[in-house]
K.L.:
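Here it is: the structure, laid out below.
Chain A is the first sequence line, chain B the second, and so forth, proteins listed ahead of strands; every chain is numbered from 1.
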There are 2 protein chains.
Amino acid sequence: MVGIKEVAEKAGVSVTTVSRVMNNRGYIGDKTRKKVEDAIKELDYSPNQIARTLLKNQSYLIGLIVPELSHPFFSELIHWIEEYASRKNYKIIICNSLQNAQKEADYLTMLRENRADGIIMCSHTLEIEEYKKINIPIVTFDRIISSSIPYVASDNYHGGELAAQHLIEKGCKNLLHISGPLEFDMLSNRRADAFQLTCSRHKVNWEVLEGANIEATYADNWRFIDENLKASLSNYDGIFCSNDLMAYTLVTYARHMDIQIPEELKVMGYDYHSFTRMLQEPKLTTIKQPIEHLGKSLSRTLIKQIESKDPDHNIQPTIYDIDLVIGNTT
Amino acid sequence: MVGIKEVAEKAGVSVTTVSRVMNNRGYIGDKTRKKVEDAIKELDYSPNQIARTLLKNQSYLIGLIVPELSHPFFSELIHWIEEYASRKNYKIIICNSLQNAQKEADYLTMLRENRADGIIMCSHTLEIEEYKKINIPIVTFDRIISSSIPYVASDNYHGGELAAQHLIEKGCKNLLHISGPLEFDMLSNRRADAFQLTCSRHKVNWEVLEGANIEATYADNWRFIDENLKASLSNYDGIFCSNDLMAYTLVTYARHMDIQIPEELKVMGYDYHSFTRMLQEPKLTTIKQPIEHLGKSLSRTLIKQIESKDPDHNIQPTIYDIDLVIGNTT
DNA sequence: TAACTGTGTGAAATCGTTTAATATATGCTA
DNA sequence: TAGCATATATTAAACGATTTCACACAGTTA
């Protein structure tokens, strides 16, 4: 591929002059500019950004690590992350961790070696120390890593509260929450906290069951329900699932067991991503995450951090409120 | 960030020696190796891949251009593209064209300037000439650009044929095909070709209506059906949609019009991606694309092309067969 | 006329690696 | 003792851009 040298040669000027024309810097005579532009066109010259990156130490590259990119929630989140980033001229390298700690660590190493300008972490399988030591601007989704690393999240506590309140208002007396895995200290765990507290406050029976995993298919969810709830399902009159896919599975499972939804059992989900919006029957009652805001905010927060001279400036967390979407399952 | 020079200084050797230790090249004494490794560890040295890329002219970067990354078909395709590529140590830059020609052209320029090793094109809004002149290894999905550019696709013709045959076998006499936009010469247009031919061969009435767009939401599809088929819907007893989302919308629309599915109208989709697999009611009859094979094959074909010395070697197209998945809408 | 200002251009250093060419020391063989 | 293979480490050029500094020339000002 032709470089700036060939262009300079063809135009009969120095490489400095070509660089000047390309970047509109310094004085350039009209005739010289013309000569250079002609040479660029004729040789179909394309400036080598790699060389620029090396010199300037700025790659305009953002690493995006997600637990599963084909999950409807994350694919939608990625959409908005990319939308904002591309408008600001940043590129996104997509890293699919599959919740595998080794893969996640490898991706971090790769991003560091390739001098990514920043990292958006939506997957959290490593210890906090691992993230702290990579020394690249980071913003996390749904997890607090340290006070110097900003995070973006929706108001999970409020989400859990709204869900419990809604079920209670609808008359439920025996509630169950099927939560995500609680082992890592993620902010989505606040849904379970709020759920418990709200139930207790209203003197309503409650239980929590861990089992709503991101990577689970319909069949996985079905199996989980069948193994853990087959016998006890009729004990509950309201179930709040930590994601819509589990809620959907539960609704069809319950119907299959001849339990009337919502009369005998009310079911709520969480997310309201493209799958749920598309779904017409049932229309799930769920908590809507502001995915567009979350995605854009992740990009915005990271880029602001990258471009601010003062590294400790603006590391405020951003928390978006959620909405209750009422369907016909409650 | 520390460079190889600082490491060399700390270890009391030359940069060449450090480079040798890193890459296991040439002779290195045990004591020297130890000194270097200690220095690397102590300084937390991370080799700069950008510099390597500049020198070797190999970025291990693949540009992936898709029309809409949050669409269930493409997000699943991306999953498998990434899966294969990451195993071969390639990185994926994700480019969401949104079917916008300007955005697509900008992405191509960006990938060229960043010296991507190759490009996977799943979005096709530009003229063929534009793709030919970028001079980077390309593989396309679902479109033939030139005889020197390999493509991967599923057997769209067979898909259209199977769909028509199935509806005919089920007794349909008046068929409609809601196709994708036919303006660009994409291989998915073969579905419409095969549909027409198969109908004609079996002496069955048929029509084709363009309107199944990738970016369409449920509401968009509903509006399309309402505007174009409201009056004529009862004229048909079988409709083959070019994607599952349109088929799903159509099923709910028809039911809303009190048309019995499948008794009065049989509906088929195309894709069988995660949304359709998750969906329990209706269970769509559809044509299953082998998304995993398609994604891996896109990566494999591109990487083979990148790594082969002979640039004209192995530009065979790859075509995967499809399957009929029978649900309860036919 | 000397100093200054505005305009236009080029040589060379720099970013962080790899690698070909070269140097040096050691031990072995003829 | 020269010749040679082996082992180890270094020097310097290269990759393709940007940028600092230097310089040349023309016109203006004091």
K.L.:
So does Thr32(A) get a side-chain nitrogen or oxygen closer than 4.0 Å to the phosphate oxygens (OP1/OP2) of dG8(C)?
P.N.:
no
K.L.:
Would you mind telling me which of Ile145(B), Thr318(B), Ile144(B), Ile138(B) makes a side-chain contact (heavy atoms from CB on, under 4.5 Å) with Tyr151(B)?
P.N.:
Ile144(B)
K.L.:
Is there a donor and acceptor pair closer than 3.5 Å between the side chain of Thr16(B) and the base of dT19(C)?
P.N.:
yes
K.L.:
Both Ile50(A) and Lys56(A) contact DNA chain D. Which one's nearest nucleotide lies toward the 5' end?
P.N.:
Ile50(A)
K.L.:
Would you find a donor on one side and an acceptor on the other, under 3.5 Å apart, between the side chain of Lys91(B) and the backbone of Leu111(A)?
P.N.:
no
K.L.:
Taking the side chain as every heavy atom from C-beta outward, state whether Leu294(B) and Trp80(B) have any atom pair closer than 4.5 Å.
P.N.:
no
K.L.:
For Ser14(A) and dA11(C), is the shortest distance between a side-chain N/O and OP1 or OP2 below 4.0 Å?
P.N.:
no
K.L.:
Within the pair Thr17(B) and dT10(D), is there a side-chain N or O less than 4.0 Å away from OP1 or OP2?
P.N.:
yes
K.L.:
Given atom CD of Gln49(A) and atom P of dC15(D), what is their separation to the nearest angstrom?
P.N.:
19 Å
K.L.:
What is the distance, rounded to the nearest whole Å, between atom CG of Asn57(B) and atom P of dG16(C)?
P.N.:
20 Å
K.L.:
Can you tell me how far P of dA17(D) sits from CD of Glu113(B), to the nearest Å?
P.N.:
10 Å
K.L.:
Quick one: Glu9(B) CD to dG16(C) P, roughly how many Å, whole number?
P.N.:
13 Å
K.L.:
On DNA chain D, check which nucleotide each of Arg115(B) and Arg33(B) is closest to and give me the residue with the more 5' one.
P.N.:
Arg33(B)
K.L.:
Checking only heavy atoms, does the side chain of Arg25(A) share a donor-acceptor pair with the base of dT19(D) at less than 3.5 Å?
P.N.:
no
K.L.:
What's the closest nucleotide to the side chain of Ala51(B) if the choices are dA9(D), dG16(C), dC15(C)?
P.N.:
dG16(C)
K.L.:
With sugar-phosphate meaning primed atoms plus P, OP1 and OP2, does Asn23(A) contact a base, only sugar-phosphate, or nothing at under 4.0 Å between heavy atoms?
P.N.:
sugar-phosphate
K.L.:
Once hydrogens and angles are ignored, does a donor-acceptor distance under 3.5 Å link the base of dT10(D) to the side chain of Arg20(B)?
P.N.:
yes
K.L.:
Do Thr53(A) and Leu54(B) have side chains that get closer than 4.5 Å, going by heavy atoms?
P.N.:
no
K.L.:
How long is the line joining CG of Leu54(B) and P of dG16(C), in whole Å?
P.N.:
12 Å
K.L.:
Which nucleotide in the list dT19(D), dT18(C), dC15(D) gets nearest to the side chain of Lys5(A)?
P.N.:
dC15(D)
K.L.:
Side-chain N or O of Asn48(B) less than 4.0 angstrom from OP1 or OP2 on dC15(C)?
P.N.:
no
K.L.:
In this structure, how many angstroms lie between the P atom of dC15(D) and the CG atom of Leu55(A), rounded?
P.N.:
16 Å
K.L.:
What are the two closest non-hydrogen atoms of Ile65(B) and Tyr107(B), and how far apart are they?
P.N.:
CD1-CB, 4.1 Å
K.L.:
With respect to the phosphate group of dT7(C), does any side-chain polar atom (N or O) of Tyr27(A) fall under 4.0 Å of OP1 or OP2?
P.N.:
yes
K.L.:
To the nearest Å, how far apart are Tyr45(A) OH and dA17(D) C1'?
P.N.:
7 Å
K.L.:
Between Tyr320(A) and His293(A), how do the two ring planes meet: parallel, tilted or perpendicular, split at 30° and 60°?
P.N.:
parallel
K.L.:
Within this structure, what is the CG-to-P distance between Asp30(A) and dG8(C), rounded to whole angstrom?
P.N.:
7 Å
